Participant: 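Take this structure first; my questions come after.
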Amino acid sequence: MDQYMRVTVIGTGYVGTVTGACLAFLGHRVTCVDTDQSKIERLRLGETPIYEPGLEKLIALAHERGGIDFQTDLAAPVRESDVIFIAVGTPPLPSGEANLGYLESAARGIGAAMDGDRFRVVVNKSTVPIGSGNLVEALVREGVLESHPDLAHTVRFGVASNPEFLREGSAIHDSLYPDRIVLGAEDAQAMGVLRALYRPLVEQKFVDPSFAPRPVDMPEVPLVTTTITSAEMIKYSANAFLAMKIGFANEISNICERVGAEVTEVMTGIGLDNRIGTAFLNAGLGWGGSCFGKDISSLMHTAGEYGYQARLLEASLAVNRLQRQIVIQKLQEKLYILKGRTITLLGLAFKPNTDDLRDAPSLQIADKLIQMGARVRAYDPIAMDACRTQNPGLRICYCNDAASAAEHADALVLVTEWPEFAGLDLPDLACRMNRAVLIDGRNLFDPERARQAGFEYSGIGRASRMPLVRAAR
Ligand SMILES: NC(=O)c1ccc[n+]([C@@H]2O[C@H](COP(=O)([O-])OP(=O)(O)OC[C@H]3O[C@@H](n4cnc5c(N)ncnc54)[C@H](O)[C@@H]3O)[C@@H](O)[C@H]2O)c1
């Protein structure tokens with residue numbers, strides 16, 4: 001197998017575009033395919049349809065290295081490719097199951113395009129319910145049979161699972177310097193192709209881009225090779241665990257608030273234990289995004305199909321649901337009446353450095369406040385256009401900056417911890433407001449500084465500090 005391969009990536013969303021750009025940056029020849037013509041047109045112009053720091057620069061480098069192009073037609077690139085990645089969306093259905101419609105159409109399309117000229121690997125990068133590897137194999141075969149039954153015995157392919165662990169907002173870094181790569185395949189030839197594909201990444205021999213420098217002491221990337229089912233379980237379990245870890249910090253924060261402890265210090269104290277680790281222990285308004293909720297629901301659904309009730313997963317969802325209502329309680333404690341009040345939300349994206357609003361706590365909070373008769377103003381550095389377009393019925397007054405958003409407001413709610421919010425001029429904001437109430441939903445601000453700036457401050461799980469030494473009588 002040549003060092004560099006021909007690759008097709010199906011789906012140019014957060015995962016597919018980053019995967020395609022990274023593989024072409026490493027030297028492979030990549031075609032990214034999407035059914036959404038407008039996305040493909042923007043990508044051809046060198047623009048990215050999503051906000052992801054560094055992605056446009058990486059695509060520019062990808063053109064110079066292995067080469068990358070963007071198309072709506074699947075057939076030609078599939079015929080020329082050694083490896084075909086499926087990176088389409090798998091959004092949740094009302095039942096909690098994953099909607100596999102996009103995956104099914106992509107897999108059939110691959111089958112319809114295949115010929116007997118070469119061995120190809122079809123790789124599932126979408127997060128899919130356990131057993132989907134088998135489904136993809138069956139669908140590709142059906143695609144072959146439906147389109148050209150004469151080729152049924154000559155088409156050669158293997159199916160693999162290669163779950164994605166990137167975080168939106170740091171997707172380039174996570175893809176070039178991953179903690180691990182997980183490959184699931186039963187077919188030895190398919191596994192061999194994928195090992196070769198990822199060799200440049202595993203060995204970290206590439207020259208790192210200036211906008212995404214390699215971490216100091218970056219080791220070789222561990223490769224976890226396993227079965228398709230275990231690879232699919234690894235992805236779901238990782239997301240379930242991370243969501244549970246945040247949920248744990250949130251649950252403890254609620255107890256901290258009642259007993260007078262400071263959750264940020266408690267989490268530092270436990271996180272320094274190597275068995276626990278400090279990441280994902282920030283208490284706040286609850287997690288959001290396109291993955292945690294849908295993946296936990298899907299895993300619970302699979303467990304249910306096998307007669308198992310996953311109680312820890314159920315609790316994880318329940319704790320998060322309640323956590324999102326805490327803002328409303330805190331506003332009621334400070335303002336009593338919410339009808340007619342003006343509440344300003346700082347941040348709309350489900351987390352900083354992305355424009356992604358899928359399952360964002362901001363939307364639920366805004367909706368609830370509007371239902372309760374409040375006026376909602378908002379400012380987000382990146383996600384306002386997306387919010388306006390995706391939620392035309394949500395009566396939010398969008399503002400150009402934090403200062404104008406705070407004008408005449410009765411309370412400010414920090415929803416997303418964008419780095420620029422940490423440097424806000426708090427005394428200036430407080431002066432602009434009708435009533436200087438600050439609900440710090442991500443524990444971004446120093447409570448003392450906020451109080452000195454004139455705010456009535458309330459964080460998540462943060463007790464007011466008592467003097468350490470009792471004053472002498
Ligand atoms: N977003 C993340 O942070 C993240 C991280 C890890 C894993 N994942 C998983 O990766 C998958 C993709 O997620 P995403 O956030 O990139 O989704 P996305 O919605 O941003 O992108 C999916 C893309 O697939 C395209 N598409 C749908 N059907 C198609 C078809 N038949 N042919 C070609 N294109 C098609 C859509 O037009 C869209 O552009 C999901 O399963 C998700 O759970 C996402």
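The model shown is predicted, which means the values in this text are computed figures rather than measured ones. Note that ligands are numbered from 1 as they come in the structure, with each ligand's atoms numbered from 1 the same way.
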Participant: Less than 3.5 Å between some nitrogen or oxygen of Lys235 and one of ligand 1, yes or no?
Facilitator: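 Such a contact does not occur with ligand 1.
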Participant: Check whether the side chains of Tyr14 and Asp355 place a donor and an acceptor atom closer than 3.5 Å, and report yes or no.
Facilitator: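 Looking only at side-chain atoms, Asp355 and Tyr14 do form a donor-acceptor pair, the distance falling under 3.5 Å.
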Participant: Provide the number and element of each atom of ligand 1 under 4.0 Å from a heavy atom of Ser105.
Facilitator: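 Answer for ligand 1: 31 (N).
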Participant: Looking only at protein heavy atoms, identify the closest one to atom 6 (C) of ligand 1 and say how far it is in Å.
Facilitator: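 Result for atom 6 (C) of ligand 1: Glu164 O, 3.3 Å.
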Participant: Checking contacts here: is it the side chain or the backbone of Pro163 that comes within 4.0 Å of ligand 1, counting heavy atoms only? Could be both or neither.
Facilitator: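 Answer for Pro163: neither.
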Participant: Any nitrogen or oxygen of Tyr14, main chain or side chain, under 3.5 Å from a nitrogen or oxygen of ligand 1?
Facilitator: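 So ligand 1 has an N or O lying under 3.5 Å from an N or O of Tyr14.
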Participant: For ligand 1, which atoms have a heavy atom of Gly11 less than 4.0 angstrom away?
Facilitator: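 Numbered from 1, ligand 1 contributes 23 (C), 24 (O), 25 (C), 34 (N).
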Participant: In this structure, does ligand 1 have an atom that sits under 4.0 Å from one of the heavy atoms of Arg358?
Facilitator: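 Distance cut 4.0 Å: Arg358 passes for ligand 1.
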Participant: Side chain, backbone, both or neither: which part of Arg167 comes within less than 4.0 Å of ligand 1 when only heavy atoms are counted?
Facilitator: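 The answer is neither; Arg167 stays 4.0 Å or more away.
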Participant: Which atoms of ligand 1 have any heavy atom of Thr35 under 4.0 Å away?
Facilitator: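 Ligand 1 atoms under the 4.0 Å threshold to Thr35: 26 (N), 29 (C), 30 (C), 32 (N), 33 (C), 34 (N), 35 (C), 37 (O).
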Participant: To check your reading of the model: name the closest protein heavy atom to atom 7 (C) of ligand 1, its residue, and the distance in Å.
Facilitator: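 I find the closest protein heavy atom is Thr127 OG1, 3.5 Å.
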Participant: Tell me: protein heavy atom nearest atom 37 (O) of ligand 1, and distance?
Facilitator: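 Closest protein heavy atom to atom 37 (O) of ligand 1: Asp34 OD1, 2.6 Å.
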Participant: Please check if any side-chain donor atom of Gln323 sits under 3.5 Å from a side-chain acceptor atom of Asn254, or the reverse.
Facilitator: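 Distance-only check passes for Gln323 and Asn254.
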Participant: For atom 27 (C) of ligand 1, what is the closest protein heavy atom, and at what distance to 0.1 Å?
Facilitator: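 The answer is Tyr102 CD2, 3.6 Å.
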Participant: Decide, yes or no, whether a salt bridge links Arg156 with Asp187 under the criterion of side-chain N to carboxylate O below 4.0 Å.
Facilitator: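 So Arg156 does not pair with Asp187 through a salt bridge.
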Participant: Could you tell me, atom by atom, which parts of ligand 1 come under 4.0 Å of a heavy atom of Lys39?
Facilitator: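 Checking each atom against Lys39, I get 38 (C), 39 (O).
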Participant: Which atoms of ligand 1 have any heavy atom of Lys294 under 4.0 Å away?
Facilitator: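 Result: 42 (C), 43 (O).
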Participant: In terms of heavy-atom contacts, does CZ of Arg44 have more than 12 from other residues, nucleotides or ligands at under 6.0 Å?
Facilitator: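 For Arg44, atom CZ is crowded (more than 12 foreign heavy atoms under 6.0 Å).
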Participant: Students should be able to answer this: which protein heavy-atom is nearest to atom 21 (O) of ligand 1, and at what distance?
Facilitator: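 The protein heavy atom lying closest is Gly13 CA, 3.2 Å.
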Participant: Where is the nearest protein heavy atom to atom 29 (C) of ligand 1: which residue, which atom, and how far?
Facilitator: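 Answer, as residue, atom name and distance: Val88 CG1, 3.5 Å.
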Participant: Are the side chain of Ser297 and the backbone N or O of Gly96 linked by a donor-acceptor pair below 3.5 Å?
Facilitator: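 Flag not set: sc Ser297 to bb Gly96 has no pair under 3.5 Å.
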Participant: Is Arg214 close enough and on-axis enough to Phe206, meaning under 6.0 Å and within 45°, for cation-pi?
Facilitator: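 Flagged: Arg214 positioned over aromatic ring of Phe206.
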Participant: Looking only at protein heavy atoms, which one is nearest to atom 2 (C) of ligand 1, and how far off is it?
Facilitator: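 Answer, as residue, atom name and distance: Glu168 OE2, 3.4 Å.
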Participant: Does this structure show an ion pair linking Arg29 with Asp69, if we count only N-O contacts that are shorter than 4.0 Å?
Facilitator: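 Here Arg29 pairs with Asp69 in a salt bridge, since their nearest N and O are under 4.0 Å apart.
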Participant: Indicate yes or no: does Glu104 engage Arg108 in a salt bridge with an N to O separation below 4.0 Å.
Facilitator: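 Here Glu104 does not pair with Arg108 in a salt bridge, since their nearest N and O are not under 4.0 Å apart.
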Participant: Do the rings of Trp418 and Tyr51 sit parallel, tilted or perpendicular, given the 30° and 60° boundaries?
Facilitator: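 It falls in the tilted class, 30° to 60°.
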Participant: For Val7 and Leu23, which heavy atoms make the closest approach, and how far apart are they?
Facilitator: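 What the structure gives for the nearest pair is CG1-CD1, 4.0 Å.
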Participant: Scan Phe241, Trp287, Tyr236 and name whichever one has a ring pair (Phe, Tyr, Trp, His ring centres under 6.0 Å) with Phe292.
Facilitator: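 When Phe241, Trp287, Tyr236 are each tested with Phe292, the ring pair (Phe, Tyr, Trp, His ring centres under 6.0 Å) holds only for Trp287.
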Participant: Please state which protein non-hydrogen atom is closest to atom 8 (N) of ligand 1 and give its distance, to 0.1 Å?
Facilitator: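 Checking every protein heavy atom, the shortest distance to atom 8 (N) of ligand 1 gives Val15 CG2, 3.5 Å.
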